[in-house]
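Quick notes on the structure that follows.
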Amino acid sequence: MNKYKPVIGLEIHVELKTKSKMFCGCPAVFFGKKPNTQTCPVCLGLPGALPVPNRKAIDWTILIGKALNCKINEVSKFDRKHYFYPDLPKGYQISQYDEPIAIDGSLKLKIKNEKLKIEEKTFRITRVHLEEDTGKLLHVGADTLVDFNRSGVPLVEVVTEPDFDNADDVKRFLEELQVIIRYLGVSDADMEKGSMRLEPNISVRKLEVGSWELEERKKPQTSNHKPQTFLPKYKVEVKNINSFRFVKQAIEYEVERQIGILEKGETPMQETRGFDDKKGITYGQRSKEEAHDYRYFPEPDIPPMTFSKKYIEGIEVPELPNQKVERYLKLGLRYSNAFTLTRNKKLNDLFEETTSKIKVQDKIQVTDIANLLINKREFANLSSEELYRKLKELKSPKQFDEKLLDTTINQLIGVNKKAVEDYKKGKENAIMFLVGQVMGEMKGKADAKTVISKLKAQMSNPNLKSKN
Amino acid sequence: MELTSLTLKEALEGLENKKFSSVELVKSHISRIKKFNKKINAFVTICEEEALKQAREADKLIAKKAKNALLGIPIALKDNWVTKGVKSTAASKVLDNYVPQYDATAIVRLKAAGAIIIGKTNLDAWGHGSSGEHSDYGNTLNPWDYSRVTGGSSSGSGAAVSAGMALVGTGTDTGGSIRQPAAFCNVVGLKPTYGRVSRYGIIAMASSTDSIGHLTKTVWDSARVLSVTAGFDPMDATTGKNEVPDYEEILRGKISGLKIGIPKEYFGKGTDEIVADACHKALKVLEDLGCKLVNISLPHTKYAYPVYAVIQTSEVSSNLLRYDGVRYGNERKMFGDEAKRRIMMGTHSLSSGYADKYYHQSLKGRTLIIRDFMEAYKKVDVIACPVWPFLPFKFDERAIDPLKMYLSDVFTAPANVSGNPSLSVPAGFSRDKLPIGIQFMGPNYSEDLLYKVAYAYEQETKWYLEKPKLKE
């Protein structure tokens with residue numbers, strides 16, 4: 001029996017794809033742009049420049065908060081978070097400290113447990129806040145260059161409670177969050193491109209024999225309660241995990257490392273560690289002794305924000321993937337199909353659009369569309385019109401060129417006189433030879449039943465005899 | 001005609017009536033700068049060529065009967081106003097060679113109104129100071145007495161307007177930095193309501209109290225400039241959307257019946273008798289004009305300065321972080337003692353474990369001070385009190401004791417903490433011919449009312465007609 005239980009909380013950053021940056025008019029989309037071509041006095045932090053918040057980014061943060069079942073604070077504000085780094089042009093980041101836009105949310109996930117049974121788990125969301133991204137450092141030989149195109153891009157931070165105890169759940173949570181964000185249309189949430197970044201806080205708790213089970217039972221399931229379980233006295237934050245592939249690797253490595261230290265009777269150091277994706281290991285970056293005092297205080301350049309209930313209600317959350325799954329199950333889809341069809345927004349849009357085209361007389365079922373999309377992935381690139389037509393074709397008798405068929409039959413009857421004779425003599429099998437010939441000639445583009453009936457009709461045609 | 005002794009109003013009339021050209025007006029001011037600036041040190045940068053070029057353009061427009069509010073008028077900008085293509089140092093060696101790539105919003109508006117920038121004026125570096133002694137480019141001397149300070153931090157603008165080197169000098173007032181040099185130099189200084197004039201492009205000192213104003217020879221002149229600079233700016237989220245009234249129209253209005261509050265806390269121990277006397281005399285003039293004088297109390301006044309000091313230094317420590325040595329060419333060790341002192345105090349006030357005791361406590365104090373004023377304005381229309389508790393002092397007299405220097409701000413900082421507007425106007429002289437100022441404070445966005453009271457008083461007293469006798 002395992003003596004240790006990992007305790008993992010997540011900090012996830014998502015870059016919003018608003019038109020302009022968080023506090024200035026520069027374009028927010030910077031990927032692949034020439035360095036320092038999308039900057040202005042504000043995002044360069046030049047003397048005298050002032051930030052003016054982007055309403056769209058605020059609305060989208062409220063949207064994310066609502067999608068994660070958070071309470072939206074009616075009063076919120078920005079704060080300055082101070083630290084020195086060459087990619088931070090003002091010496092502080094405009095962020096949110098004690099009055100974030102959204103708090104106390106949760107995300108429920110259906111997850112396969114060890115016995116491969118699907119169980120529902122709830123992960124609590126501590127807060128969702130809005131801040132600005134920093135510039136980017138590029139190390140070229142001995143030089144370090146700064147690109148400020150990214151400086152000031154709106155960045156949403158989602159913080160969870162330490163509710164995870166394994167890397168698989170973390171990965172599953174992240175995937176769900178990514179899909180939600182993409183459904184909301186507020187970010188590409190692409191880990192490889194850095195528009196979604198994960199920083200897990202990992203610690204490991206040593207379990208006394210039997211106590212874990214007791215504690216687990218005490219742990220309340222609602223999101224509003226703090227856990228009664230005790231958290232370890234330290235935690236390790238892991239940075240630079242820039243792919244889903246590495247999430248599991250990094251967490252599992254780190255858990256093993258910490259268990260190794262605990263096994264020696266020591267306590268792991270509270271620190272920030274980086275992840276080396278080539279070696280698959282974490283390495284020390286900054287210890288607690290060097291930990292920052294961010295000296296937060298309310299950003300005086302931006303007045304506090306107030307949101308009326310009506311305003312918050314006006315920001316509507318679309319149907320989310322997990323809600324879609326529930327609906328699809330009611331429509332008769334299998335769970336795995338329903339799940340698959342909600343993973344990708346483009347695929348889901350195609351599915352939804354195609355199902356909306358269903359006409360009773362076409363005798364097409366929602367499940368037909370689902371099966372086709374899942375089993376034949378090449379169809380996923382079709383438009384909904386094309387896809388629907390394809391379905392109708394598959395369902396209805398094959399279309400063929402009737403005129404061509406008639407000509408072909410006439411020709412073949414003329415050529416295969418023996419078979420015709422045999423048939424006329426009562427050899428029923430002889431017609432099958434003719435059918436084969438016709439189908440071959442038609443390259444399969446004919447319906448066997450039609451061919452037979454046409455052959456029969458033709459062979460009993462009295463005009464045929466006269467040809468002899 | 002001595003063009004440098006004209007007021008802004010007289011200069012505008014002269015230009016309109018073709019008594020002289022903008023080129024002549026600019027030239028006469030520049031030659032005066034050249035003559036006296038070596039001594040007075042009001043300017044850190046002079047823009048002679050560009051100013052003359054613009055003056056020629058202005059003359060063409062005047063010939064076409066253009067009526068821009070400040071067309072052809074030479075003005076001086078405090079060097080913490082960011083000017084496109086013109087060095088902007090905030091009088092700190094940290095920005096010794098910094099040439100900005102954009103103009104502050106207020107400058108854009110001044111330029112659009114036809115104003116001509118003849119130079120950038122000296123200040124206590126970053127705005128840190130009440131005497132002009134903290135500039136990295138040397139002291140500015142008081143035109144009334146070269147052995148004395150001009151007040152600060154808008155020291156150069158105060159001296160420039162007083163000495164006839166510019167018709168308008170712009171400033172920033174974070175704790176008194178416009179009103180103090182105005183009072184010490186016998187000119188009018190406006191600290192507008194926080195958010196009345198855009199801070200965009202003004203090198204930040206304390207973002208929550210920085211007010212962007214100007215120093216002029218008369219009240220009318222001040223109103224004319226404010227009508228150009230005031231108003232909402234989409235680049236500054238803290239500017240108000242309140243309409244900009246017709247100040248020039250309003251200031252001619254009657255003041256009889258207005259209630260003027262006299263706060264006892266500003267006239268007690270610590271205020272020089274001669275300063276208090278001058279203020280009482282001014283109040284008597286207003287009483288004679290039909291105003292009602294009302295004794296009031298602002299009970300939390302004694303906390304205003306400490307509250308200001310904590311908030312201001314906290315914000316200073318944050319705002320100066322961007323001068324990190326990576327950019328702008330100079331390292332942080334180039335900061336002067338005063339900036340270093342404020343960075344240390346502010347960093348301490350915001351540090352975890354101390355923030356509750358200092359920064360957060362000060363925010364609570366700020367609320368009390370705002371409430372004091374709000375209560376007072378239920379009883380009176382404006383509040384009148386001294387700008388400084390004492391007369392212009394000699395160099396080094398206070399510089400050796402930073403605490404004593406800081407306390408110079410006791411009467412000016414409260415309006416910065418509350419955000420209310422305040423107007424400093426000349427209120428006479430000491431026997432040694434040292435200027436004394438009185439300030440009128442009012443509720444937010446009551447600049448029109450302050451102008452009205454000050455204008456009525458000015459018309460009665462005309463202290464602005466007194467000019468310092470300059471020595472080369």
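Naming convention: chains lettered A, B, ... in sequence-line order (proteins, then strands); numbering from 1 in each chain.
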One should read off an interatomic distance between B:Asn319 CG and A:Asp301 CG, to the nearest 0.5 angstrom, of 7.0 Å
Do other residues, nucleotides or ligands put more than 12 heavy atoms under 6.0 Å from the CD atom of B:Glu331?
-> no
Top contributor to chain A interface from B:Arg327, B:His360, B:Glu315 [non-hydrogen pairs under 4.5 Å] | B:Arg327
Highest number of heavy-atom pairs under 4.5 Å with chain A among B:Val326, B:Ile202, B:Leu363 belongs to B:Ile202
B:Lys84 atom NZ: more than 12 heavy-atom contacts under 6.0 Å | no
Around atom NZ of B:Lys357, are there more than 12 heavy atoms of other residues, nucleotides or ligands at under 6.0 Å?
-> no
Could you tell me whether a side-chain N or O of B:Arg199 sits under 3.5 Å from a main-chain N or O of A:Ala49, the two making a donor and an acceptor?
-> no
Could you grab the distance from atom CG of B:Leu321 to atom OH of A:Tyr83, nearest 0.5 Å is fine?
-> 12.0 Å
Could you tell me whether a side-chain N or O of B:Arg322 sits under 3.5 Å from a main-chain N or O of A:Leu44, the two making a donor and an acceptor?
-> no
Can you tell me how far SG of A:Cys40 sits from CE of B:Met235, rounded to the nearest 0.5 angstrom?
-> 6.5 Å
Using a cut-off of 6.0 Å, state whether more than 12 heavy atoms not belonging to A:Lys66 lie near its atom NZ.
-> yes
In this structure, are over 12 heavy atoms from other groups packed under 6.0 Å from B:Tyr303 atom OH?
-> no
Work out which heavy atom in A:Pro53 is nearest to a heavy atom in B:Ala237; give both atom names and the distance.
-> CD-CB, 4.3 Å
In terms of heavy-atom contacts, does OH of A:Tyr294 have more than 12 from other residues, nucleotides or ligands at under 6.0 Å?
-> yes
Does A:Asp293 reach the main-chain N or O of B:Ser351 with its side chain, forming a donor-acceptor pair under 3.5 Å?
-> no
What pair of heavy atoms forms the shortest contact from A:Gly48 to B:Tyr102, and how long is it?
-> C-OH, 3.1 Å
B:Lys93 atom NZ, over 12 foreign heavy atoms within 6.0 Å | yes
Could you pull out the closest heavy-atom pair between A:Pro47 and B:Tyr328, with the gap in Å?
-> CD-OH, 3.3 Å
Chain B shares the most heavy-atom pairs under 4.5 Å, among A:Gly45, A:Pro298, A:Gly91, with A:Gly45
Nearest heavy-atom contact between A:Pro300 and B:Tyr194 is O-OH, 3.8 Å
Side chain / backbone / both / neither for B:Thr347 at chain A, heavy atoms under 4.5 Å = both
Any chance you could measure A:Arg295, atom CZ, to B:Ser317, atom OG, to the nearest 0.5 Å?
-> 6.0 Å
Quick one: pull up NZ in A:Lys90 and OG in B:Ser318 and give me the separation to the nearest 0.5 Å.
-> 9.5 Å
Between B:Tyr354 and chain A, which part of the residue has a heavy atom less than 4.5 Å away: side chain, backbone, both or neither?
-> neither
For B:Asp324 against A:Phe84, the heavy-atom pair lying closest together = CB-CE1, 3.6 Å
Determine the option with the most heavy-atom pairs under 4.5 angstrom with chain B, choosing from A:Leu88, A:Val42, A:Val52, A:Ile302.
-> A:Val52
Does any non-hydrogen side-chain atom of A:Pro41 lie less than 4.5 Å from one of B:Tyr200?
-> yes
Output, in order, the C-alpha distance, side-chain angles, deciding distance and verdict of side-chain contact (heavy atoms from CB on, under 4.5 Å) for A:Arg80 and B:Ser207.
-> CA-CA 12 Å; A:Arg80 290 185 182 178; B:Ser207 310; 3.5 Å; yes
